[in-house]
Amino acid sequence: MAIGLHDSTIQNPVLRWVDQRLPVFTMMQKEYGTFPTPRNFNYFWNFGALAMVTLMIMIATGVFLSMNYTPHTAHAFDSVERIMRDVNYGWLIRYVHMNGASMFFIVVFIHIWRGMYYGSYKAPRELLWILGVVIFLLMMATAFMGYVLPWGQMSFWGATVITNLFSAIPLVGESIVIWLWGGFSVDNPTLNRFFSLHYLLPFMIAGVVFLHVAALHITGSNNPLGIDPKGPQDTLPFHPYYTAKDSVGLVVYFIVFAFLVFFMPNYLGHADNYIPANPLVTPAHIVPEWYFLPFYAILRAVPDKLGGVLLMFGSIAVLFVLPWLDTSPVRSMRFRPVAKWSLYLWLVSFFVLMWAGAKPADEPYVTISRIATAYYFAYFLVILPLLGRLERPLSLPESIAMPVLRGGGPVLAGAAAKPMEKA
Amino acid sequence: MRDVKRGFRNLIGALVLGAATTLGATLPTPAQAAGEAIPLPNAGFSFAGFFGTFDRGAAQRGLQVYKEVCAACHGMYHLSYRNLTEIGLSEDQVRAIAASVEVRDGPNDMGEMFDRPARLSDRFRRPFANELAARAANNGAYPPDLSTITKARANGANYLHALLTGYVDPPPGFALADGMHYNAYFPGHQIAMPNVLNPDQVEYADGTAATVDQMARDVTTFLAWAAEPETEQRRAMGIKMMLFLIVLGGLTYAVKRKVWADVKH
Amino acid sequence: MAETMVPPGVTSGGPAGAPHGAPHGSHGGAAEGETRRDFLTLTTAAFAAVGVGAVVWPFISSMNPARDVLALASTEVDLSPIAVGQAVTVVWRGKPVFVRHRTAEDIQAARATPLSELKDPAPDQSRVQRDQWLVVVGVCTHLGCVPLGQRPTDAKGNFDGWFCPCHGSHYDTSGRIRIGPAPLNLPVPDYTFTSDTQIRIG
């Protein structure tokens with residue numbers, strides 16, 4: 001780009017002045033206004049926007065919670081109860097934050113499953129997918145540390161159990177755990193650093209989300225057919241078409257979210273976390289938050305300490321290489337009859353693991369966890385690589401617009417013809 | 001296109017089915033898994049359900065039970081006396097309740113701690129100086145703080161009511177440890193707390209007959225309010241919020257239909 | 001990759017007409033449809049804006065004093081140990097409050113000052129409930145320092161009241177500003193005598 005003022009097309013003189021010097025409005029117009037988006041998105045394509053909004057809600061509520069929270073073992077539980085009782089609308093802000101974590105994971109799980117079903121991880125979107133997995137990892141770290149902050153029984157024992165995972169590392173494990181704790185058990189130094197990191201990581205997530213969206217806008221979006229747009233007839237400007245569609249999804253999402261917050265705010269939580277942390281008494285039955293249950297089940301499925309830890313981290317790490325494990329050139333599972341059912345079965349194994357993760361580590365749950373774990377990995381490491389060679393995909397449509405046009409009726413109205421229209 | 005729609009429906013179906021069965025199967029488990037599953041009778045509280053409110057009379061009677069029975073061993077540290085106006089007591093009544101309790105304050109000008117009658121802004125008095133003192137006085141058991149007790153137990157209100165009315169004779173052959181008491185609903189059935197509610201244990205000012213069930217019910221109502229005093233405000237706000245969102249959802253959907261009206265899809 | 005993907009901006013940058021279709025007028029009975037969409041959109045946007053506003057309020061409100069803070073907003077002071085000529089400092093809402101047991105000379109000096117000599121004219125009678133007890137918030141009205149004059153050894157300024165060491169404001173025995181940059185007298189908090197020897201501030 002040449003040095004000098006940007007050649008702005010913005011009409012408003014004030015905005016134009018800014019835009020010539022820093023073309024943010026041109027960028028917004030290009031990336032969220034006229035951005036050519038496949039015309040055939042279904043409502044699963046809402047979930048990226050929902051995740052973004054949830055991140056903003058979490059940061060906003062978190063900032064306000066931190067104004068009244070005290071990261072000290074002697075005061076943390078009391079300060080949270082004070083937020084619930086004495087701070088104006090403190091209960092609302094906390095319940096939104098608390099349930100927002102669950103909603104965030106629901107949205108991101110569906111976002112990931114959507115990517116897996118429609119092959120959004122495949123070329124040319126590999127890096128986009130990898131950035132997404134990085135966001136997911138950061139989210140898990142943030143959620144884990146956030147759960148420690150109220151300093152209830154589950155906070156304390158969750159922190160103890162999860163940090164102890166690192167002791168499985170040969171030779172340096174013990175040193176690492178002591179380093180993580182800043183002491184010889186989970187205690188005040190641990191709580192302090194977890195608070196600090198819990199405040200920091202969401203902003204790192206926001207940074208990676210920016211890269212995720214930037215990468216998306218280089219490759220363009222995938223779509224339910226998994227075929228590339230061949231021309232203007234296959235796309236619509238993002239605004240107003242997808243701003244309107246995302247808004248519908250957003251309001252429906254808020255209804256579910258609000259129902260949880262206002263009518264059953266503690267449903268997804270664990271009662272033991274309303275008991276102040278006691279380092280001398282472990283609760284009878286420790287379970288992580290529901291969104292960690294599948295990974296927890298994988299951990300427990302292995303009788304070996306190091307093996308369990310490796311397999312648990314491996315269950316996320318395998319997502320990084322998914323773009324290269326799936327050897328089929330066809331993106332959408334719609335055209336892959338065998339892979340489609342393999343993925344449904346994978347989804348079942350995920351839910352089975354979630355269910356088994358909440359059960360005691362006894363039979364038959366251990367065996368069930370092992371079978372589900374085996375399938376979880378087999379899908380990625382065996383089934384997808386083989387199916388790329390063995391499976392005969394259905395024939396792909398010629399273009400995104402074709403199935404629509406074939407349906408008869410009037411030809412396309414000038415959708416992209418009036419892209420600037422405000423709605 | 002129909003096939004695409006079917007694939008879409010399959011995916012939704014799989015998600016919904018998976019989520020529903022997992023949530024359904026997963027969430028009630030912590031309570032059951034903490035030992036054997038003891039089904040709790042539903043006491044039918046006024047505050048149960050999505051629209052329930054606290055029965056003020058029951059909560060006030062429950063306060064009396066707490067003061068006269070529970071407070072000897074159990075604190076409610078997260079409550080202040082001023083909070084009691086929320087269960088329908090007047091400020092003067094609450095002032096009198098507070099003044100009847102001595103709380104520790106200080107240090108005074110001589111640098112010493114001293115006792116004085118409680119004021120509205122004071123927290124509820126703690127029966128023991130700390131956990132060790134509590135254990136020493138209670139045969140090694142720690143009477144938990146009751147501020148959050150109904151939130152801190154699965155199905156808390158029903159559990160508490162069942163527990164308080166659950167002191168029965170142990171089944172033949174049950175080995176009861178020394179100093180422990182048999183309770184039908186306590187996990188493991190051996191509880192350090194003795195049965196504290198006997199008929200007419202308290203004398204209600206409003207003439208309600210003080211049966212064990214009545215007292216258990218009243219004190220549970222009081223404790224449920226104490227654990228989640230925001231409940232009524234939360235639910236009222238929730239109803240408004242839902243109505244607003246449903247209207248907004250309708251409008252947004254209409255806009256979306258309008259915007260998409262000229263696109264064949 | 002390049003041949004399979006549409007570079008961003010192709011659609012929008014393309015011919016603004018209708019390369020793929022339909023006559024422009026086919027969507028809606030022209031003007032009527034447009035108006036309805038605009039009205040609907042405006043209504044929805046207004047509704048959403050109200051919703052956002054309603055959501056913002058709890059956040060703002062959460063920064064106001066919490067209920068436990070408000071509950072501590074009154075302080076009781078026992079006056080019996082304060083001898084004539086002495087003063088005590090008590091904390092009320094996190095700020096120092098000066099309670100001074102004035103001597104007859106103090107009262108005399110305060111009453112004798114003509115209002116015309118005052119920067120912030122107020123008769124002494126309007127600043128006390130009982131002549132010998134002066135209760136003022138001990139925060140200099142200039143920039144918030146705590147003036148000296150409570151302890152017998154303190155500098156009390158030219159008028160035997162208080163002297164602010166930060167920027168040299170002098171207050172008299174009624175807590176009124178006499179010399180210096182402070183614009184106003186030391187404020188008198190709301191207080192009541194609950195008995196002859198006890199006041200409640202706030």
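Quick note: numbers below take in every heavy atom, side chains included, and nothing from hydrogens, waters or symmetry partners. Sequence lines set the chain letters: A, B, ... in the order given, protein chains first and strands last, and positions in each chain run from 1.
For the cysteines C:Cys166 and C:Cys145, the sulfur (SG) atoms lie within a distance shorter than 2.5 angstrom of each other.
Both the backbone and the side chain of A:Thr61 come within contact range of chain C, judged by heavy atoms closer than 4.5 Å. Heavy atoms of A:Asp234 lying under 4.5 Å from chain C are absent altogether. Looking at C:Val69, only its side chain comes within 4.5 Å of chain A, counting heavy atoms on both sides.
Judged by a 6.0 Å distance limit and a 45° cone about the ring axis, C:Arg200 is not positioned over the six-membered ring of C:Trp92.
A salt bridge does not link C:Arg176 with C:Asp124: every distance from a Lys NZ or Arg NE/NH1/NH2 to an Asp or Glu carboxylate oxygen is 4.0 Å or more. Using a 4.0 Å cut-off between charged side-chain N and carboxylate O, C:Glu117 and C:Arg178 make a salt bridge.
Per-residue counts of heavy-atom pairs under 4.5 Å with chain C were compared for A:Val96, A:Ile227, A:Asp86; the largest is that of A:Asp86.
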